[in-house]
Amino acid sequence: MLKDLFIADIYARKHELLGKRVRVCGWVHNIRDLGRLKFILVRDRTGVLQVVVKKGESPEDVVEKAGDLRLEAVVCFEGVLVESRSKFGVEVKADKLIVLSQPVEPLPLEPDTSLEAGLATRLNYRWLDARNPRVNMVFQFEAWVARVFRDYYTENGFVEIFTPKIVAAGTESGAEVFPVIYFGREAYLAQSPQFYKQMAVIAGLERVYEIGPVFRAEPHHTTRHLTEYHSMDIEFGFIEGPEDVMAMVEGFFRRLADGMARDPRVKPIVEEFQASLRVPREVPRVTMREAYKILEEEYGKKIPYGEDLDPEGERLLGKYFSEKYDSDLVFVTEYPWASRPFYTMRKPDEPEWTYGFDLLMKGLEVVTGSQREHRYEKLLENLRDKGLNPESFQFYLDFFKHGAPPHGGAGMGLERIVMQSLGLENIREARLLPRDPERLLP
RNA sequence: GCCGCGGUAGUAUAGCCUGGCCUAGUAUGCGGGCCUGUCAAGCCCGUGACCCGGGUUCAAAUCCCGGCCGCGGCGCCA
């Protein structure tokens, strides 16, 4: 192994390492060449460390090789760690230099200032862009969010599942699907694990979760849509109502907020982005009918009764609950039947409304969930009511023929949660290699 | 899919409205030189661009049309 210490480890253990030889491996972040004295800043995932090369003190070959270095070359320096007059506090007096890789062409993008470039350029050269510490942090944060999700639901008795991404039918009415040719037959990329996670509950796993890609063939041109994103899904049985599902979603977001405030693994990231997530003791819930009223009375915005919120409506509701309830989250409950998929359970006494809900985070929909319809006959009714042909959903209906507990679940958009947590302006920033209607490379 | 705005060196920008003063300015990168404590190092020299096609005009980076691409809003959705 060439590398034994991250730069952050060197800083963390500096009292122990001062006066000792260390090896620092990474990318050449900056070169301040004063002639016989050169300062070379080496960067890795965890930070930047200064290396000093002095003519007369450092070995001749090191001085020579250091003089030829270009920005973003990959190097390992060895030398004694000493106190430094620089802002870095410590520095390495180089006595050995291994050049592992030297750029063969001028840089199309400088990682240090890549954030000044347009997003399209940055994405075209993502392998340079993501060397920018701030950009790198986004993906470290994303990994952490996924980990918090796994930890939280595992602790609550959920089992991780892995469902097919090549499917025979589109799962929900609504989003368009990408066709693929499957040994001469038409198949599709899964737009949601919905049917299979329900099946897993019915199959006796009882509480399941999955983090996986989903595909939406919608030609969106917005800052919050991707054609491929990651859905963090949960589904669990033996619930008494949609409130049980919301409580299970709320618990995860509370864990997320606590982690952002306290977890040392993300502390530097949260500080860098000045990120915060306010989750009050009770996350507010409003029914869709109440939401219409708030929008009209507070903001004069009229949404046709029985219709879904538009993006402006979501933003305004987010603003309302941020200001009045000091909350970055709000559940919008009892969605109209007209705007929810057929597997959603309808309110028994008011069948025009459902047990479906959304969670808005800082004015953006990040979670959709519901209690599902688990009664075979009711599912048939719902399908017919939506004008769908039950035959094309027979494989799904069959799941419900042999004992299905009342259950519910939710899907959460990983990239949207990252975007809203860190205050990113475009969801593409929250994916290393985003796919949108135009972009298929790199 | 619809609507609006945009496209100048590797990158980010000035110039476009009001066509000629543009041999296209600046910063950074890149190449070369000077410099023994830099802190976004500095200084000197050099390199490198008007998205593509058509039109208007004596003259087009600049005005008009089409295409491609980019950015954003909407519909739909996580």
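In what follows, every chain begins at residue 1, and chains take the letters A, B, ... in the order their sequences are listed. Here the structure is a predicted model, which means the values were calculated and not measured.
For the C1' atom pair drawn from C3(B) and C50(B), the interatomic distance equals 28 Å after rounding to whole Å. Taking atom C1' in both G72(B) and A27(B), one finds a spacing of 27 Å when rounded to whole Å. Taking atom C1' in both U26(B) and A14(B), the straight-line distance is 7 Å, to the nearest Å.
Electrostatic pairing of Lys301(A) and Glu312(A) counts as a salt bridge here, judged by a charged N lying under 4.0 Å from a carboxylate O. Look at Arg431(A) and Glu142(A) and you find no salt bridge, because none of the NZ, NE, NH1 or NH2 atoms lies under 4.0 Å from a carboxylate O. Glu250(A) has a carboxylate O that lies under 4.0 Å from a charged side-chain N of Arg285(A), or vice versa, which qualifies the two as a salt bridge. Salt bridge Lys165(A)/Glu210(A): present, at least one basic N to carboxylate O contact under 4.0 Å.
Below the 3.5 angstrom threshold, one finds a donor paired with an acceptor across the side chain of Glu91(A) and the base of G37(B). Scanning atom types as modelled, one donor and one acceptor separated by under 3.5 angstrom connect the side chain of His220(A) and the base of G75(B). The base of C77(B) sits with one of its N or O atoms less than 3.5 Å from a complementary donor or acceptor on the side chain of Arg416(A). Between the base of G10(B) and the side chain of Glu105(A) there is no donor-acceptor pair shorter than 3.5 Å. For Gln50(A) and U38(B), a side-chain-to-base donor-acceptor distance below 3.5 Å is present, hydrogens and geometry of angles not being considered.
Within 4.0 Å (heavy atoms only), Leu226(A) reaches at least one base atom of the nucleic acid. When heavy atoms are screened at a 4.0 angstrom cut-off, Gly118(A) is found touching the sugar-phosphate backbone but no base atom.
OP1 or OP2 of G73(B) lies within a sub-4.0 Å distance of a side-chain N or O belonging to Thr223(A). Taking 4.0 angstrom as the limit, Asn124(A) places none of its side-chain polar atoms (N or O) nearer than this to OP1 or OP2 of G10(B). In this model, the phosphate group of C39(B) is not approached by any side-chain N or O of Ser86(A) to a distance below 4.0 Å at OP1 or OP2. For Arg70(A), a side-chain nitrogen or oxygen approaches OP1 or OP2 of G31(B) to under 4.0 Å. Of the side-chain N and O atoms in Thr121(A), one or more sit less than 4.0 angstrom from OP1 or OP2 of A12(B). Close to C74(B), at under 4.0 Å from its OP1 or OP2, lies a side-chain N or O of Arg315(A). Side-chain N/O atoms of Arg36(A) include none lying less than 4.0 angstrom from OP1 or OP2 on U38(B).
For Ser114(A) (side chain) and Asn132(A) (main-chain N/O), no donor-acceptor pair under 3.5 Å exists by modelled atom type.
Picking from G29(B), C76(B), G37(B) the nucleotide with the shortest atom distance to the side chain of Glu110(A) gives G29(B).
Rounded to a whole Å, the CZ atom of Phe149(A) is 13 Å from the C1' atom of A78(B). Rounded to whole angstrom, the span from the CG atom of Leu71(A) across to the P atom of U28(B) amounts to 13 Å.
Evaluation of Phe39(A) against the base of G37(B) yields no stacking contact (centre distance < 5.5 Å, interplanar angle < 30° required).
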